[in-house]
Amino acid sequence: MPEHAISPTRVQDYPEWYQQVVKAADLAEQSPVRGCMVIKPHGYAVWERMQGILDGMFKATGHQNAYFPLFIPLSYLEKEAEHVEGFAKECAVVTHHRLELGPDGRLIPTGKLEEPLVVRPTSETIIGAMYAKWIQSWRDLPVLINQWANVVRWEMRPRVFLRTAEFLWQEGHTAHATREEAVEETLRMLDVYATFAERDLAMPVIKGPKTAGERFPGAVDTYSIEAMMQDGKALQAGTSHFLGQNFAKAQEIKFAGQSGQEEYCWTTSWGVSTRLIGAVIMTHSDDDGLVLPPRIAPTQVVILPIHRTDEERTAVLDACRVLERELAATTYAHEPVRAKIDARDMRGGDKVWQHVKQGVPVRVEIGPRDLASGAVSVTRRDRPPKERTSVPLAQFATEVPQLLGEIQQGLFEKARAFRDAKSARLATQADILDFFAEAAGKGGFAHVHVADDPAVTALLDPLKVTVRCIPMEGPDEPGNCAVTGRPVPRASVLARSY
RNA sequence: CGGGGCGUAGCGCAGUCUGGCUAGCGCGCUUGGUUUGGGACCAAGAGGUCGAGAGUUCGAAUCUCUCCGCCCCGACCA
């Protein structure tokens, strides 16, 4: 057998490795429709974990879920000029509402719609139209709503999870009486995303505002969390937008203030998508397949019975069930430990490798020898696949929360160390050119002072590098732009990106 | 949409240049047996409109044209 379960390896061919991991872990596959993916049960289970945690965080910050239509009247999208411009190129449009059987047996779209409907690429416009009706008084504010939905953006170059024509996401849309409140909301939700990414996905992120060119169409400010993938590229893992009064003015979202005057609302929107699954894959996985952080692993501990004879089978399975119950009664991250017995009738090696490739954090084997010695064999996904330790059975269940915590923490620290090792503080234009030279092992995050200026873009464009964000943590450290020499208050993060 | 590569069984591929027996191989799958603490072995079997359509030909996976899809690199994006 090859040395690794995944071929090619990361260093051999990173994009192909990514696709092979998705396939080996049985997360998703290509659909008959270009750019769309079928999310398979294991992939969807990971998404459900993410949804569950995020949804709890949204509720805890005062939001409610609702659902708005998939179809948006074309005229709605036309209302905000920048918004139109940003999304026009990638919209799926519904123009007919009936099919008729043609003479050659083919179905022909008929029943032309008076007004074409756009399949939502995002829902600012339709939600704004509803908010305009719902909001009359300052007493109606704030409106804090989230929706879990699918959206469609007709992308030119799709990649599973990272950029698909249709994807699943959540979009929060809020309306406030004051600018301050809306800005506060924007930053609060950015923090929610950053906490979720770091605590649950074990994925270190950099928070910060985007430059004008990278802003959401129609937003006043866009903030993102940026993560580094194992090829040194940046991935925008979540965004939070302060929309100012742009959409409110375009859509007449107004309210009567406390002194009776009519004012426009201040709105925000924020979202994360199934792209996060891609982010997790590219942050933690190795040449043996997927590696899942315990907090989002659908199964945290898989119990593998090992037996030959029927008597052994009975005894071993009994022990497995006892352990499964013990684990379910144990808690990690305020939830019962998710343990599962895999008693499928297949060869041990194949079964074990399946769980390796699917990223299950902990594998426990129980066989006759373990029963005799009162122990279990434990392997961790963050360690080499053949590194086994024997743990006294009585001890194992009580130690599992700590073990899962160690794995979770270890993954985060490993990812952070990787990112930091591939990050540098740069000062000059020559530094930038050198840092992003095509040589192997080069690239990553460059922290450098740059102005939001065409001269900077002109330097970065040929390098395929963009300003990812302007990190907002820590005090201002003024410096001079590496390109224009103009003073700027903070350094930016430059990187190639997905 | 531009440049490059590819499309043959579930997966990975050979065969295509130079048209010709019934389209092959490895893995996987099914059944039986031997095995079993880390990707087993033996045997038997199932599985293909060779991406689609049109054309050339006595004959097309193979030649010609058109189309479709996938991957990589650009332009665009969560």
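In the text below, chain A, chain B and the rest are named by the order of the sequence lines, each starting its count at 1. The analysis underlying the following values was restricted to heavy atoms, covering all of them including side chains, and did not include hydrogens, waters or symmetry mates.
- Here Glu365(A) pairs with Arg388(A) in a salt bridge; the nearest charged N to carboxylate O distance falls below 4.0 Å.
- Glu85(A) pairs by the side chain to side chain contact (heavy atoms under 4.5 Å, CB included) definition with nothing, not counting sequence neighbours.
- Between the side chains of Ser240(A) and Thr186(A), no donor N or O sits under 3.5 Å from an acceptor N or O.
- Contacts classified as ring-ring contact (aromatic ring centres under 6.0 Å, His included) and involving residues 199-236 of chain A (residues at least two apart or in different chains) are given here: His83(A)-Phe216(A), Phe87(A)-Phe216(A), Phe216(A)-His241(A).
- Shown here, C67(B) forms a base pair with G51(B); the pair counts as Watson-Crick or G-U wobble because both key distances fall under 3.5 Å.
- With a cut-off of 3.5 Å on both Watson-Crick or G-U wobble distances, the partner of G24(B) is given as C13(B).
- Going from the P atom of A78(B) to that of C41(B) covers 50 Å, rounded to whole Å.
- Considering only residues two or more places apart in sequence or on other chains, Pro204(A) meets the side chain to side chain contact (heavy atoms under 4.5 Å, CB included) condition with Glu198(A), Phe412(A), Ala415(A), Arg416(A), Arg419(A).
- For the 3.5 Å distance criterion, the side chains of Arg468(A) and Ser224(A) fail to qualify, holding no donor opposite an acceptor.
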For nucleotides 32-35 of chain B, list the nitrogen or oxygen atoms of the protein found under 3.5 Å from its nitrogen or oxygen atoms, one pair per line.
residue: U35(B); atom: O2; partner: Arg347(A); partner atom: NH1; Å: 3.2

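- A straight line from NZ of Lys23(A) to P of G10(B) spans 13 Å, rounded to a whole angstrom.
- Taking atom CG on Asp287(A) and atom C1' on G39(B), their separation rounds to 16 Å, with Å as the unit.
- Sorted by first and then second residue, the salt bridge (Lys or Arg N to Asp or Glu O under 4.0 Å) pairs with a member in residues 38-55 of chain A read Asp26(A)-Lys40(A), Glu29(A)-Lys40(A), Arg49(A)-Glu335(A), Asp55(A)-Lys59(A); sequence neighbours excluded.
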Indicate for each nucleotide in nucleotides 71-78 of chain B, in 5' to 3' sequence, whether protein heavy atoms under 4.0 Å reach the base (B), only the sugar-phosphate (S), or nothing (-).
SSBBBBBB
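- Of the residues near RNA chain B, Gly35(A) and Ser377(A), the one whose nearest nucleotide (by heavy atom distance) lies more toward the 5' end is Ser377(A).
- With a cut-off of 3.5 Å on both Watson-Crick or G-U wobble distances, the partner of A44(B) is given as U30(B).
- Between Lys207(A) and Asp191(A), at least one side-chain N (NZ, or NE/NH1/NH2) sits under 4.0 Å from a carboxylate O, which counts as a salt bridge.
- When both pairing distances are held under 3.5 Å, G74(B) makes a Watson-Crick or G-U pair with C1(B).
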